[in-house]
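Residues take their numbers from the sequence shown, with the count starting at 1. Everything numeric here is computed off the predicted structure, so don't read it as measured data.
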Amino acid sequence: CQGTHLPSSLFLGKEWDPKRHIQEMPTDAFGDISFAGLGPKVGKYVRISADTPPCVIYQLMTQHWGLDVPNLLISVTGGAKNFNMMPRLKNIFRRGLVKVAQTTGAWIITGGSHAGVMKQVGEAVRDFSMSSSCKESEIVTIGIATWGTVYNRGSLICPMVSVQPLRGVGGCVFVDMP
């Protein structure tokens, strides 16, 4: 389910309350997504409610999207402020992250934006994916972003979608948050 925000004019002068101001309904934003610069590689995305049970999301990713069960979860968090990393440190971070994810069968989870440390993670995985031809060495990367921060999100609603599960490729989970 997803939250649909009701017109603000209905609540003028009233304090915003998610229980009163969000209407739950089945999602209309899900499917396949291509990221610029990744060639033919395609991922999955879905828009969910902030209170969707984790077991439902896990079942979607493993049973419907066909992702292998992870042996490890790597959560990379940090600010979305862009920064310059010394080339040597950047190289060590990228190689280390990719090696750990690849050798352990981990899922890498980030805040899903193209800024700050999340951008460093995305570029590390992209560079690895572009240089590797072995499908077995693909790295699952999952970006979890609030729906309001997603660029061009209108194009992700009611798209023509493929229903075929995609093995070994990450996805995006967009969360409706107040």
Side-chain angles (χ1 to χ4, degrees), residues 1-36 38 42-82 97 101 106-126 139-163 165-178:
C1 289
Q2 70 180 11
T4 299
H5 297 273
L6 302 174
S8 59
S9 59
L10 293 175
F11 308 102
L12 206 53
K14 298 178 184 173
E15 187 173 323
W16 188 84
D17 177 9
K19 291 178 181 156
R20 289 192 348 227
H21 301 140
I22 293 180
Q23 176 184 5
E24 292 286 330
M25 60 182 46
T27 189
D28 58 357
F30 61 92
D32 296 335
I33 189 167
S34 297
F35 294 97
L38 284 182
V42 177
K44 298 284 190 187
Y45 73 94
V46 65
R47 180 181 177 188
I48 61 171
S49 177
D51 61 359
T52 301
C55 62
V56 171
I57 301 165
Y58 180 78
Q59 182 180 14
L60 168 76
M61 291 184 195
T62 57
Q63 294 179 16
H64 297 283
W65 288 357
L67 297 178
D68 291 332
V69 173
N71 296 316
L72 176 70
L73 295 176
I74 302 171
S75 176
V76 182
T77 59
K81 183 178 178 183
N82 284 318
L97 179 65
W107 290 359
I108 301 172
I109 301 172
T110 74
S113 73
H114 190 64
V117 71
M118 295 165 286
K119 180 178 180 179
Q120 295 297 325
V121 170
E123 289 177 353
V125 173
R126 178 203 63 205
I139 297 172
V140 175
T141 309
I142 301 165
I144 303 174
T146 56
W147 182 248
T149 64
V150 177
Y151 175 75
N152 205 16
R153 64 187 169 272
S155 68
L156 299 176
I157 297 174
C158 296
M160 301 302 287
V161 297
S162 165
V163 294
L166 200 60
R167 295 200 55 79
V169 177
C172 300
V173 178
F174 303 122
V175 182
D176 263 337
M177 302 266 316

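Residues Thr110 and Ile142 have side chains not in contact (no heavy-atom distance under 4.5 Å, counting atoms from C-beta outward). In this structure the side chain of Ile57 reaches within 4.5 angstrom of the side chain of Met61, judged on heavy atoms.
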Verdict with reasoning, Ile109 to Ile144, per side chain to side chain contact (heavy atoms under 4.5 Å, CB included): CA-CA 7 Å; Ile109 301 172; Ile144 303 174; 3.7 Å; yes
Leu97 vs Val121, side chain to side chain contact (heavy atoms under 4.5 Å, CB included): CA-CA, chis, key distance, verdict: CA-CA 8 Å; Leu97 179 65; Val121 170; 3.9 Å; yes
Worked verdict on Val76 versus Met118 for side chain to side chain contact (heavy atoms under 4.5 Å, CB included): CA-CA 7 Å; Val76 182; Met118 295 165 286; over 6 Å; no
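Judged as a side chain to side chain contact (heavy atoms under 4.5 Å, CB included), and not counting sequence neighbours, the contacts of Leu72 are Ile74, Val100, Thr104, Ala106. Looking at residues two or more places apart in sequence or on another chain, you find no side chain to side chain contact (heavy atoms under 4.5 Å, CB included) involving Pro54. Remark: Thr149 pairs with Ala145, Thr146 by the side chain to side chain contact (heavy atoms under 4.5 Å, CB included) rule, at least two apart or across chains.
In terms of heavy atoms, Leu60 sits closest to Val46 at CD2-CG1, 3.6 Å.
Proximity of a side-chain donor or acceptor of Trp147 to a complementary backbone N or O of Ile48 within less than 3.5 Å is not detected. Within the 3.5 Å criterion, the main-chain N or O of Phe30 finds no donor-acceptor partner in the side chain of Arg47. Of the possible donor and acceptor atoms, none in the side chain of Tyr58 sits under 3.5 Å from a partner among the backbone N and O of Val69.
We find the CG-NZ distance between Asp32 and Lys44 to be 3.5 Å, quoted to the nearest 0.5 Å.
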